[in-house]
Number of protein chains: 2
Amino acid sequence: MSIANRPLARKLGAFAVLSEDELTVLEAMHRRRRVYSPGQDMIHQGQERHSAHVLASGWTSSYKLLPDGRRQIVDFQVPGDFLGLRSLLFRTSDHNIMPVTRIEASEVSIQDLLRDFNRVPRLAAAVLWAASRDEAMVVEHLVGVGRREPRERLAHFFLELHARLRLVGLATATSFDCPLSQYHLADALGLTAIHVNRVLRGFRETGLMRFQKGKVEFLDLAELVRLAGFDIAYLDQEEPLLSAAL
Amino acid sequence: MSIANRPLARKLGAFAVLSEDELTVLEAMHRRRRVYSPGQDMIHQGQERHSAHVLASGWTSSYKLLPDGRRQIVDFQVPGDFLGLRSLLFRTSDHNIMPVTRIEASEVSIQDLLRDFNRVPRLAAAVLWAASRDEAMVVEHLVGVGRREPRERLAHFFLELHARLRLVGLATATSFDCPLSQYHLADALGLTAIHVNRVLRGFRETGLMRFQKGKVEFLDLAELVRLAGFDIAYLDQEEPLLSAAL
DNA sequence: CGTTAATTTGAATTCTCTCAAACTTCGTGG
DNA sequence: CCACGAAGTTTGAGAGAATTCAAATTAACG
């Protein structure tokens, strides 16, 4: 894969046009690549020594568990996303990360990151931007769970995923592959899988969208955006903020 | 107020013991202090030029609005907290910030911050730690709204506030002043104010805790912690209950 | 004081969950 | 290649929790 087409480079490209040097450093971040399998935590709550990763392919989920087993999925990560970046400064990780599919990811230590930041300072801003964007997504997620109806919530969820995947070249204008189960959706959106199923059936029957066999298809994108009240601004991914000159 | 006793210094002190130099820089952050009144936004969604602030006294809320007026409060800020730190790298602010009480806050520009980081590098780590902690609170908030029952949710909410206020010396072992209305609680916790009222009545009647006339009193802290499943680890602040000075 | 904001209570409704079970898909091993 | 089991999806019925609507009471503030 050519450097500039890697999901991470594409994503950070939405913040700033990247130079050859910067692209090279990003490429180097993928050096220590490893494969992880679905179902086994890469990082778990309370873990003391934890590092961050860059996700090269596949999907992961970050989540927290309550003592009685209830689960809240905080976010899903798609190619180009960082894993565990936020809690890098914490003594212990405060959440779990588990692959949803088979994934390829590369470990990035805080030392690596700081060294890279020194070499190409603009990269620091880009990575912090990505971290800010991650938090903005958690905030919007909170808004959905707290104040959106289940139908709006599902619609908004799929529209966000679509925008994120489009940015890294993994979606068409009206569809994308989605490896999540209805249990994933339920635990992400504060619903039961049964109710998720019913809402999805409603979407199918009213010709809004379809989610079947690992594929999301938008049938009436405009109406979906209206229903969800989806405003992409919080993803801050319109066009690069920083010109190459900065 | 002596420098080391300022809420901001106390809070960052939970991350690292601060030197005289570092305390002096923190003190300088409070130079451009201003007073803001409750009810009028300091920052609003979509605002283009926005800066961060340090809150010296009073409470604020950060929130998002849906097109039809529904409101989700993302977090409340108490003395020592930053306002709008997260979206500093964004083109436009993605949320609103409004004082809950009369407040004193000082503007901190990104330039100021970067200059200070150069002068005292450890401060950068401390501020990033504070930002990570803020995000951890949003995540825990999401867990509450998504997967905790209303009773657990309220209990957890008050326990978190208590821990945060204790850290900056604004709470006793079992109580603190709280200027929030039941509408605030409702919009923060994804409930209606009516239901919040009923849950609070239940707490009062069962001798768990009391929230009346701007004051929160814990009557059975142990049971409350158990009910909420409250584990302070996500705040990454050691031994909050041992901070003596009130 | 008088007015507005906030809290409190009641009754009815509605939405989502729980419980139960059938059906489908998919991977694995015989 | 089929049988089997596990995981995921789908449907139904009933229960319960939180909401909506309505209104009284209390507190806050100029």
Side-chain angles (χ1 to χ4, degrees), chain A residues 37-40 59 61 66 68-73 98-102 144-154 177-206 209-217 227, chain B residues 37-40 59 61 66 68-73 98-102 144-155 157 177-206 209-217 227:
Chain A
S37 305
Q40 54 193 45
W59 290 36
S61 66
L66 298 188
D68 68 350
R70 279 173 290 178
R71 175 174 72 158
Q72 176 64 47
I73 291 178
M98 181 185 283
V100 170
T101 65
R102 176 183 175 283
V145 174
R147 283 295 183 234
R148 274 191 253 265
E149 315 254 291
R151 279 165 50 83
E152 306 170 327
R153 215 179 293 174
L154 258 309
D177 291 326
C178 175
L180 305 176
S181 74
Q182 295 182 1
Y183 286 99
H184 282 123
L185 299 182
D187 280 344
L189 300 176
L191 302 167
T192 60
I194 292 169
H195 199 63
V196 166
N197 183 275
R198 289 180 172 135
V199 172
L200 290 178
R201 166 155 54 127
F203 284 173
R204 222 178 303 131
E205 288 172 357
T206 55
M209 60 163 286
R210 208 186 310 259
F211 172 38
Q212 268 171 335
K213 300 181 188 182
K215 179 144 197 166
V216 170
E217 287 177 280
L227 167 66
Chain B
S37 306
Q40 54 192 43
W59 290 37
S61 65
L66 298 188
D68 68 350
R70 280 174 288 179
R71 175 174 71 157
Q72 175 65 47
I73 292 178
M98 180 184 284
V100 170
T101 65
R102 177 185 175 279
V145 174
R147 283 295 182 235
R148 273 191 254 265
E149 315 254 292
R151 281 166 48 83
E152 306 170 328
R153 215 179 293 176
L154 258 310
F157 175 80
D177 290 327
C178 176
L180 305 176
S181 74
Q182 294 181 3
Y183 287 99
H184 283 123
L185 299 182
D187 281 345
L189 300 176
L191 302 167
T192 60
I194 292 169
H195 198 62
V196 166
N197 183 276
R198 288 178 173 138
V199 172
L200 290 178
R201 166 155 55 125
F203 283 173
R204 224 179 300 131
E205 287 172 358
T206 56
M209 62 163 285
R210 208 185 312 257
F211 172 38
Q212 268 171 335
K213 301 181 187 181
K215 179 143 195 167
V216 170
E217 287 177 279
L227 167 66

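Order of the sequence lines sets the chain letters (A, B, ...), proteins ahead of strands, with each chain counted from 1.
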Is any side-chain heavy atom of L154(B) closer than 4.5 Å to a side-chain heavy atom of L191(B)? yes
Is there a side-chain contact between E217(A) and R204(A) in this structure, where contact means two heavy atoms from C-beta onward sitting under 4.5 Å apart? no
Output for pair (R70(B) CZ, E152(A) CD), nearest 0.5 Å, gives 4.0 Å
Are any of the side-chain heavy atoms of L227(A) and F203(A) separated by less than 4.5 Å?
yes
In whole angstroms, the gap separating C1' of dT20(D) from CZ of R70(B) amounts to 14 Å
In whole angstroms, the gap separating C1' of dT9(C) from CD of E205(B) amounts to 12 Å
| message | dT9(D), OP1 or OP2 - any side-chain N/O from Q212(A) closer than 4.0 Å? | response | no
Open item on the list: Does R71(B) have more than 12 heavy atoms from other residues, nucleotides or ligands lying within 6.0 Å of its CZ?
Closed with: yes
H184(B) atom NE2 is separated from dA5(C) atom C1', nearest whole Å, by 12 Å
Notebook entry, point to check: Does a nitrogen or oxygen in the side chain of R204(B) sit under 4.0 Å from OP1 or OP2 of dT8(C)?
Noted result: yes
task = Report yes if the side chains of F157(B) and L180(B) come closer than 4.5 Å at any heavy-atom pair, otherwise no.
result = yes
Here the distance between atom C1' of dT8(C) and atom OH of Y183(B), to the nearest Å, is 11 Å
To the nearest angstrom, the CZ-C1' distance between R151(B) and dA18(D) comes to 15 Å
Note to self: Could you check whether any side-chain heavy atom of D187(A) comes within less than 4.5 Å of a side-chain heavy atom of R147(B), counting everything from C-beta outward?
What the structure shows: yes
Expected list for residues 190-202 of chain A near DNA chain C, using heavy atoms below 4.0 Å, is G190(A), L191(A), T192(A), I194(A), H195(A), R198(A)
Going 5' to 3' through nucleotides 25-30 of chain D and flagging B where a protein heavy-atom sits under 4.0 Å of the base, S where only the sugar-phosphate is that close, and - otherwise, we get ------
From CG of L185(B) across to P of dA6(C) the rounded distance in Å is 12 Å
note: L189(A), atom CG; dT16(C), atom P; distance rounded to Å ~ 13 Å
L154(B) CG to dT7(C) C1', in whole Å, measures 15 Å
**Asked** Within a strict 4.5 Å, meaning less than it, do heavy atoms of the L200(B) and Q212(B) side chains meet?
**Response** no
Value for NE2 (H184(B)) from SG (C178(B)), rounded to nearest 0.5 Å, stands at 9.5 Å
